[in-house]
2 protein chains.
Amino acid sequence: MTAAVAFIDDQGLSGLTMRRLGSSLGVEAMSLYRYIPGRQELLDGVVDTIVNQMYDDEEIHQSPQHGWQDFLQRLAHGVRRIALAHPKAFPLVASRPPEAPWLRPPLRNLKWVESFLDGLASEGFSDEAAVAAYRAFTSFLLGHLLLEVSSLGADVGPLDVLEDDSQPSSLADYPRVRRLHGALAEDHSAAEFEMSLENLLERISLLQTEASS
Amino acid sequence: MTAAVAFIDDQGLSGLTMRRLGSSLGVEAMSLYRYIPGRQELLDGVVDTIVNQMYDDEEIHQSPQHGWQDFLQRLAHGVRRIALAHPKAFPLVASRPPEAPWLRPPLRNLKWVESFLDGLASEGFSDEAAVAAYRAFTSFLLGHLLLEVSSLGADVGPLDVLEDDSQPSSLADYPRVRRLHGALAEDHSAAEFEMSLENLLERISLLQTEASS
DNA sequence: ACCTGAACACCGTTCAAGT
DNA sequence: ACCTGAACACCGTTCAAGT
């Protein structure tokens, strides 16, 4: 299972094939069916592996000890760290059918949701505030990471190294883009993540106090 | 090309196969190679079709006439509408290699970026503010939509209709989740989109005025 | 000029057969 | 109990051959 994650990490999602995974394990592909029922389930396993990696990380997952802000900060940063460590596999988290499809946003593991709600409740969040916080937090976090990861991983399939003949693709037609080329190319994703997270925590703190009205 | 989009819309991404697309057009698969070089390029074409659909929509794409807030509102809503109309195809927008990989966030069509920057400039945005607004706006919009779309489309592959034997999967183990089941299941994605967009526009308006300091 | 059939290398998956 | 070989139905893609 962890072999599959490693495989995706360096071969890309479309590089993961039963036959290739098999031979990378020194075994014929057909043997894999002794351990998992099929490729779909293999992918589900990959997602679970990553998600559990987040759940088990001591750094990430512990009840709040320095306030809920610290709790959510750690959660957000921890999830981001692991997502960025597996850019090619992370999109699966969103594309596999979730364990709880009725959840908004849907998520794969309820274990996770439970401990999230638990953490907030222990910090004095009302039920309503905790649910609203869940919504805002997960949709920010997943949305942001799905985008950030897509600019890395970009699993194109076994597209051979593309020639660098691709000019800055007729930048001539786009004067504004050309002029701001430098600024537009800077990677601020980490700083932006920080800013948006700050902003989100502020909004959540409003939610929390609002509840008493 | 539009045939391919329609195909994905109801068969899912993994249902789109050269052979099947061919026969849905009343032609042998091999003929398709007269028109496009391969499957990868077909997918690129699908993305371009969708993106152009957004670009050409009169409702969406016009220079600001009622202020930049209205401009961005219309843009956001228009893009969302089209994304939700093609939930199975939209993720491709993020996973295909972009035309301008150096852009942060990377995007497929510079045409789009150019007119975005143009619109803001015509509303008095400085270069720096326009770039910052581009970053914040696109990463919010794409991030949010990627997540929202994934809870629809969910292209699992030709997984036959799964039996409804799937209990509310041992909800017993998660008392908190069970208790808040009702609240957690409500779909507020539209309202949340609205709220986050509001919030984003406020942040952008700060950016804009800050520039003079 | 456009389409087709046959072919090749690769999939996922099944199953009878080997040890 | 675990692995394998051969087989089936399906891919993407190429190419010589048909009209």
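Keep in mind that this is a model prediction, so the values were computed, not measured. Residue numbers begin at 1 in each chain, while the letters A, B, ... track the order of the sequences.
When both pairing distances are held under 3.5 Å, D/dT19 makes a Watson-Crick or G-U pair with C/dA1. Pair check for D/dC10 finds none; no Watson-Crick or G-U wobble contact set falls under 3.5 Å.
Atom CE in A/M30 sits about 17 Å away from atom P in C/dG18, given to the nearest Å. Between the CD atom of A/E28 and the C1' atom of C/dT13 there is a distance of 15 Å, rounded to whole Å. When the C1' atom of D/dC15 is taken as reference, atom OH of B/Y33 falls 13 Å away, rounded to whole Å. A straight line from CD of B/Q40 to P of D/dG12 spans 10 Å, rounded to a whole angstrom. Atoms CG (A/L25) and P (D/dC2) sit 16 Å apart, rounded to a whole Å. Distance, A/L32 CG to D/dC3 P: 9 Å, rounded to whole Å. Taking atom CG on A/L21 and atom P on C/dC10, their separation rounds to 17 Å, with Å as the unit. The nearest whole Å value for the distance from the CE atom in B/M18 to the C1' atom in C/dT4 is 15 Å.
Between A/Q73 and A/L197 the shortest heavy-atom distance is OE1-CD2, 3.6 Å.
Using a 4.0 Å cut-off, no side-chain N or O of B/Y35 falls inside it from OP1 or OP2 of C/dA1. Dashed line: the shortest gap from a side-chain N or O of A/R34 to OP1 or OP2 of D/dC2 is not under 4.0 Å. Using a 4.0 Å cut-off, some side-chain N or O of B/R20 falls inside it from OP1 or OP2 of D/dC11. Side-chain N/O atoms of B/T17 include one lying less than 4.0 angstrom from OP1 or OP2 on D/dG12.
You'll find that the side chain of B/R19 is closest to D/dG12, out of D/dG12, C/dG12, C/dC3.
Ring geometry for B/F137 versus B/F116: interplanar angle of 30 to 60°, hence tilted.
A cation-pi arrangement is not found for B/R20 relative to B/F7, the charged atom failing to lie both closer than 6.0 Å to the ring centre and inside a 45° cone about the ring normal.
Between A/S196 and B/R203, some side-chain heavy-atom pair lies under the 4.5 Å cut-off.
Looking at A/R39, its side chain does come within 3.5 Å of a backbone N or O of A/L16 through a donor-acceptor pair.
Residue B/S31 is in base contact, counting any heavy-atom pair closer than 4.0 Å across all strands shown.
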